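All remarks here apply to the structure that follows.
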Amino acid sequence: MKLLTLFILVSLSCQIFANPAPKYVKPAFELITLGDTGGIQDGNLSAFLLRSLSDSNYIALDAGSLVNGINVALHKKAFANITINNDPAWQTNGIILREHVKAYLISHGHLDHVAGMLISSPQDSKKPIYALPSVNQTLLDTYFNWQAWANFTNRGKPPQLNQYQLIDLKPKQATPIKNTSLKVTAFSLSHPLESTAFVIEKGQNMFVYFGDTGPDEVEKQGKLNAIWRYLAKQMPDKTLRGLIIEVSFDNQRPDNLLFGHLTPKWLMAELKQFNILLQPNITLAGTKVVISHIKYSLASGQNPRHKIRQELAQANNLGIEFILAKQGQVLTF
Ligand SMILES: [Zn+2]
Ligand SMILES: [Zn+2]
């Protein structure tokens, strides 16, 4: 009798553990926000670290603020989930930057996306920079030209210091990211100068980072639509774990003053287009969308984060989980 009770108990508990709650999916990526604003707050400009959870090394998605972002993240214990290398030659922030950041993915050449990489380059380690050809050319022409800054790359004005290897990404073609288990596929975005969205893949899992972008209806180039179509085509087989996209201004900003940026209204319009392409089998409900690049303001009485959060919540009829990026925050996807 005792044995029978034990058998029933064991088989019951096996069943419970064998059937986890259907909605729980083991995370695949970790994201650390190094910089959450789109200007003008130096020390907190667009930059994120992303890693596969099976790896203890990161790629940097833009690099507006690096060392200050790493310092804030260290203070908030954001690197608690990795084993940080032991290297007596460097402080912990130096070890993170030099040994745990394996590559830069740069969306475009605007200063608020590259300033941290430029400023920290004298003490950085050798690593690749992945970007669309026009973006790499802007880096060479504008910064790594021995005038604005020394040429730390392997191209352009000599002498080339060869610390950063510039790698031109072919649009819509997957490229493995050196020294990581990740792949990247780049898509052009509409902005005053060419910007980029990066689809990062690890196995069947996808994560998308959008650099600065205007809405298709204003820009008239259909570039966001091309990405939504690509993702919709991938999603029967692959899982979209989350995305980072910009909302620079609140809804009061007139369309003629967007300068290639989004507002809550325009982001929702774009996500609705994406959701339509996914129907009838998949929806965006429950998808984590991280909001980046909110413009910081020095003007009195202004809290753009608060307003944008409200406007997104009011318009969110797709069940999306909006998360406002916060410097030093760790998220898993
Ligand atoms: Zn920007
Ligand atoms: Zn920009």
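All ligand and atom numbering here is 1-based and tracks the order in the structure. This one's a predicted model, so the numbers in the text were calculated from it and none came from an experiment. Sequence positions, counted from 1, serve as the residue numbers for this chain.
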Phe210 and Phe187: CA distance, side-chain angles, deciding distance, ring pair (Phe, Tyr, Trp, His ring centres under 6.0 Å) verdict: CA-CA 9 Å; Phe210 291 81; Phe187 291 81; 9.1 Å; no
Stepwise salt bridge (Lys or Arg N to Asp or Glu O under 4.0 Å) check, Asp250 with Arg253: CA-CA 6 Å; Asp250 66 47; Arg253 188 84 171 184; over 6 Å; no
Steps toward side chain to side chain donor-acceptor pair (under 3.5 Å) verdict (Tyr164, Asp124): CA-CA 9 Å; Tyr164 297 137; Asp124 200 356; 2.7 Å; yes
His113 and His293: CA distance, side-chain angles, deciding distance, ring pair (Phe, Tyr, Trp, His ring centres under 6.0 Å) verdict: CA-CA 10 Å; His113 299 255; His293 208 267; 5.2 Å; yes
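Between Lys265 and Glu311 there is no salt bridge, since no side-chain nitrogen of the basic residue lies less than 4.0 Å from a carboxylate oxygen of the acidic one.
Side-chain atoms of Ser190 and Gln221 form a donor-acceptor pair, as typed in the model, at a separation below 3.5 Å.
Counting only protein N, O or S atoms, 4 lie closer than 2.8 Å to the Zn ion (ligand 2).
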